[in-house]
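When a residue number appears, it is its place in the shown sequence, counting from 1. In listed order, ligands and their atoms are each counted from 1.
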Amino acid sequence: MCEQIYQNPPATIAIDGPAASGKSTIGNLLANKLGYISLDTGIMYRAVAYKAIQAKVDVYDGEAVSDLAERIQIDIRPSTAGDGCQFDVIIDGEDHTWDIRSPEVNQVVSEVSVYPRVRNAMTELQRKIAKNGRIVMIGRDIGTVVLPLAEMKIYLEASVEVRAQRRYIEELARGKKVCLDEIAESLRHRDEIDSGRAVAPLRPAEDAIVLNTDDMTVYEVVEYLMGLIARR
Ligand code: DC
């Protein structure tokens with residue numbers, strides 16, 4: 001099979017959207033197809049939230065959470081376990097790949113993400129990682145704040161019902177006992193905080209391609225985006 005050659009692939013691709021909109025799966029597939037690296041920036045905010053819980057820092061104490069975020073060491077590496085997670089997440093030298101996905105972290109991660117010093121610290125790290133290009137960066141504010149000059153910006157939308165259903169199926173497949181209504185409620189809670197915060201709120205960049213994926217599979221979205229890249 002011939003490898004597809006793209007005339008003018010975007011060196012940096014920003015993918016933003018609400019929780020469980022498929023950003024990470026789609027971003028990672030796109031990066032694989034292009035031979036790029038991908039960075040799911042949600043992992044970094046999750047690492048801060050996890051560390052705050054572990055250190056018994058009050059997540060409503062902005063100064064304490066910010067101090068912690070400015071000191072934290074986050075290392076994101078390709079997975080070695082083959083356990084369904086694309087990346088290993090090493091926080092201050094310890095593997096917390098699965099801990100950062102816990103319901104406890106889900107509950108407070110949006111709260112810790114509102115603090116400007118937390119965002120500055122994470123944004124600085126993200127820009128360093130992106131400086132050589134050939135990257136798909138996934139998050140909430142990548143197209144608007146972190147990489148405003150990204151050559152391609154994608155904003156994925158889906159209704160809360162569809163996102164909850166997708167997350168529910170994923171969790172069941174992992175053998176977890178989950179409740180669809182609770183998932184939907186947690187997504188609504190995070191949407192509200194992520195979109196309503198003063199600094200870097202979740203919203204599409206003016207020059208983003210906005211895609212509603214309610215009626216699309218992951219593969220349809222990826223094919224559509226690869227088609228756009230091929231026609232550039
Ligand atoms: O994509 P995710 O669900 O793993 O993200 C977890 C939280 O991190 C999300 O609720 C808000 C925050 N986040 C953010 O504020 N900015 C980003 N670029 C990525 C994530």
Side-chain angles (χ1 to χ4, degrees), residues 12-28 31 38-53 59 62 65-66 68-69 72 74 76 84-89 91 96-130 135-148 150 153-158 160 163-164 166-168 170-171 183-205 208 213 218:
T12 44
I13 302 179
I15 305 189
D16 291 301
S21 56
K23 304 180 299 293
S24 310
T25 311
I26 289 162
N28 291 332
S38 65
L39 176 67
D40 177 357
T41 59
I43 289 175
M44 297 173 141
Y45 292 94
R46 286 175 176 277
V48 173
Y50 175 73
K51 197 74 194 184
I53 297 170
V59 294
V65 175
S66 301
L68 184 149
I72 197 169
I74 308 166
I76 304 170
C85 233
Q86 275 250 337
F87 297 97
D88 290 343
V89 182
I91 306 171
H96 293 292
T97 305
W98 287 103
D99 299 326
I100 62 162
R101 304 271 163 208
S102 70
E104 293 74 24
V105 169
N106 283 343
Q107 224 165 21
V108 298
V109 64
S110 288
E111 274 83 352
V112 307
S113 308
V114 302
Y115 303 123
R117 280 175 53 209
V118 172
R119 302 208 66 82
N120 281 342
M122 298 304 120
T123 298
E124 202 176 302
L125 291 174
Q126 291 156 15
R127 287 184 179 149
K128 266 190 202 146
I129 296 170
I135 186 165
V136 178
M137 195 174 281
I138 302 148
R140 300 288 188 291
D141 59 341
I142 310 304
T144 51
V145 174
V146 180
L147 303 174
K153 298 180 184 177
I154 300 152
Y155 187 89
L156 296 178
E157 287 182 333
V160 76
R163 287 185 282 136
R166 288 178 186 158
R167 192 45 60 89
Y168 177 72
E170 266 171 32
E171 298 287 316
I183 294 177
E185 198 36 54
S186 152
L187 291 178
R188 277 194 200 94
H189 170 75
R190 284 170 58 198
D191 285 356
E192 206 178 301
I193 301 178
D194 294 347
S195 312
R197 67 182 171 223
V199 182
L202 169 68
R203 61 174 174 78
T213 69
V218 161

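For the residues Arg46, His189, Arg119, the heavy atom positioned nearest atom 14 (C) of ligand 1 is part of Arg119. For atom 1 (O) of ligand 1, the nearest non-hydrogen atom from the set Gln126, Met137, Arg140, Arg101 belongs to Arg140.
Near Ser113, meaning under 4.0 Å from one of its heavy atoms, ligand 1 places the atoms 8 (O), 11 (C), 12 (C), 15 (O). Shown in contact with Gly139 at under 4.0 Å from a heavy atom are these atoms of ligand 1, numbered in order with element: 18 (N), 19 (C). Listed by atom number, the atoms of ligand 1 under 4.0 Å from Arg197 heavy atoms are 14 (C), 15 (O), 16 (N). Atoms of ligand 1 found under 4.0 Å from any heavy atom of Ser110 (numbered from 1 in listed order, with element): 10 (O). Of all atoms in ligand 1, numbered sequentially from 1 with element shown, those under 4.0 Å from a heavy atom of Asp141 are 16 (N), 17 (C), 18 (N). Near Arg190, with a cut-off below 4.0 Å to any heavy atom, the atoms of ligand 1 are 2 (P), 3 (O), 5 (O), 6 (C), 9 (C), 10 (O).
Protein heavy atom closest to atom 19 (C) of ligand 1, with residue, atom name and distance, is Thr41 OG1, 3.4 Å. Scanning all protein heavy atoms for the shortest distance to atom 8 (O) of ligand 1 gives Tyr45 CB, 3.4 Å. When only non-hydrogen protein atoms are considered, atom 7 (C) of ligand 1 lies nearest to Val109 CG2, 3.6 Å. In terms of protein heavy-atom proximity, atom 11 (C) of ligand 1 is nearest to Asp194 OD1, 3.3 Å.
Residue-level proximity to ligand 1 for Lys23 is carried by the side chain, the only part with a heavy atom below 4.0 angstrom. The residue Glu111 has no part lying near ligand 1, judged by heavy-atom distances below 4.0 Å.
No heavy atom of Met44 sits closer than 4.0 Å to any atom of ligand 1.
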Derivation and outcome, side-chain hydrogen bond (donor to acceptor under 3.5 Å, both in side chains), residues Asp40 and Ser24: CA-CA 6 Å; Asp40 177 357; Ser24 310; 3.0 Å; yes
